[in-house]
Protein chains: 2
Amino acid sequence: MGTTGRPRSQAAHAAILKAALRLVAKRGFRAVSVNEIAAEAGVGKMTLYRHWPNKATVVMDALLELIGAETAFPEADSALESLRRQLYLQAAFFRSSRGNLIRSLVSEAQSDPELATAFRDRWLNPRREGVRQNIQAAISEGSLRADFNIDTAIDQLYGSLYYRLLLGSGAIDEQFIEDTYQQFLTGHKARQSVRR
Amino acid sequence: MGTTGRPRSQAAHAAILKAALRLVAKRGFRAVSVNEIAAEAGVGKMTLYRHWPNKATVVMDALLELIGAETAFPEADSALESLRRQLYLQAAFFRSSRGNLIRSLVSEAQSDPELATAFRDRWLNPRREGVRQNIQAAISEGSLRADFNIDTAIDQLYGSLYYRLLLGSGAIDEQFIEDTYQQFLTGHKARQSVRR
DNA sequence: TAGAAACGATACCCTCGGTATCGTTATGGG
DNA sequence: CCCATAACGATACCGAGGGTATCGTTTCTA
């Protein structure tokens with residue numbers, strides 16, 4: 001078997017991810033070199049390349065392993081309220097320095113098809129699936145209609161957030177989130193809201 | 001005066017922009033080198049750097065000078081119809097190879113604050129201003145309400161287009177555009193549509 | 001305890017954006 | 001008409017950075 005030899009250092013693995021997260025969140029992907037990440041982690045450059053095939057994959061893993069759960073759906077009394085709160089979480093995430101991770105990866109993905117696929121498969125689609133299930137729960141609860149295209153609705157909900165993050169056309173503040181949520185509600189709520 | 005000496009070659013200027021547009025539309029910003037652009041234009045590299053300070057600015061100018069008018073607002077019977085048709089134009093533009101220019105510039109702007117400012121000032125904001133005037137015309141015509149935040153509405157209209165262009169989460173096809181337009185209308189149309 | 005593989009360090013390669021400098025060429029003010 | 005001036009194409013060069021190769025050393029397991 002391939003089980004012989006010195007094992008990979010989990011400490012080095014974790015230190016590299018942590019260093020990559022810190023540096024890229026603070027200064028952005030392009031401004032940080034692989035040498036810096038390795039030095040910050042107290043590790044040789046070659047150790048980094050033994051664990052990951054390239055710089056972008058390190059940052060992708062840092063995003064998923066260290067802060068992937070930061071935008072999970074919060075518990076709430078209704079599916080709609082959970083959706084609304086998740087929008088606020090996503091906005092806070094985008095406003096924070098960690099938003100730089102998303103900006104960096106989307107930027108690199110424009111010229112790196114493998115990274116683009118990985119970003120969709122590992123970050124975007126799982127989150128979209130969460131939103132889809134939430135919306136379907138809201139439909140089951142009778143608070144949303146059932147006759148709209150869910151994918152398009154998700155794009156309209158989250159597209160404007162990514163737009164402001166990447167284009168910097170305006171603040172991702174509470175007013176903006178509330179307006180976006182209300183606009184979604186206006187177009188998709190059930191005509192007769194179920195009451196109890 | 002500084003009017004002495006050999007004048008700048010307008011032919012070289014135009015050839016460089018055309019070469020940059022062709023190559024970047026086909027293969028993307030990062031995959032095309034400055035040497036290639038100059039060679040394709042039949043020009044020395046230094047001539048390029050005499051006309052522009054860096055690679056990104058060349059592509060920015062190519063976008064504005066060669067295809068800036070491609071997404072102007074079409075004439076129509078009503079402001080709303082003009083807006084709807086402009087969405088279709090923008091979608092066709094994003095679907096075409098020229099969409100690579102936008103993807104490239106947004107990508108580079110993530111690590112180049114000057115480019116980010118130029119992209120907003122020269123591309124985004126003028127187009128947003130056109131949308132704003134169109135929306136205000138629609139309000140004046142009585143087909144839209146007057147009590148919503150126009151900037152947020154613009155982000156919701158166009159944000160999902162940029163989202164699909166940059167994230168590749170779905171096709172920017174007619175169905176998507178129509179759904180997006182209808183969702184905007186549902187949330188912002190006047191309660192009593194004016195008829196004649 | 002011996003072989004295999006990961007470790008940190010470091011030298012190296014290659015591409016590419018941008019600069020410097022060459023001799024040459026086109027202009028326009030005097 | 002002619003000469004100072006600046007742009008021209010070509011080419012050598014610089015520096016940064018991603019990724020590789022190789023060193024002697026260390027740590028594991030069979």
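Below, read A as the first sequence line, B as the second, and so on, with proteins coming before strands; counting in each chain starts at 1.
A cation-pi arrangement is present between Arg164(B) and Phe176(B), with the terminal nitrogen or guanidinium carbon under 6.0 Å from the aromatic centre and inside a 45° cone about the axis.
What separates CD of Glu108(B) from P of dC16(C) is a distance of 14 Å, to the nearest Å. Whole-Å rounding puts the Leu48(A) CG to dA6(C) P distance at 15 Å. Rounded to a whole Å, the CD1 atom of Ile37(A) is 17 Å from the C1' atom of dG8(C). Atoms CD1 (Ile16(A)) and P (dA6(C)) sit 13 Å apart, rounded to a whole Å. One interatomic measurement links the two molecules: CH2 of Trp52(B) to C1' of dA7(D), which rounds to 14 Å at whole-angstrom precision.
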Enumerate all atom pairs, one protein N or O and one N or O from nucleotides 13-22 of chain D, separated by less than 3.5 Å.
residue	atom	partner	partner atom	Å
dG18(D)	OP1	Lys55(A)	NZ	2.6
dG18(D)	OP2	Val34(A)	N	2.9
dG19(D)	OP2	Tyr49(A)	OH	3.1
dG19(D)	OP2	Lys55(A)	N	3.1
dG19(D)	N7	Lys45(A)	NZ	2.7
dG19(D)	O6	Lys45(A)	NZ	2.6

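Here Lys55(A) does not pair with Glu108(A) in a salt bridge; the nearest charged N to carboxylate O distance is not below 4.0 Å.
Between the side chains of Gln110(B) and Ser104(A), no donor N or O sits under 3.5 Å from an acceptor N or O. Checking Asp179(A) against Gln175(A) by side-chain atom types alone, a donor-acceptor pair falls below 3.5 Å.
Aromatic pair Tyr162(B)/Tyr162(A): ring centres not closer than 6.0 Å.
Nucleic acid contact class of His51(B) (heavy atoms, under 4.0 Å, all strands): sugar-phosphate only.
When each of Gln10(B) and Arg6(A) is assigned the nucleotide of DNA chain D bearing its nearest heavy atom, the one mapping closer to the 5' terminus is Gln10(B).
Between Arg132(B) and Asp151(B) there is a side-chain heavy-atom pair separated by less than 4.5 Å.
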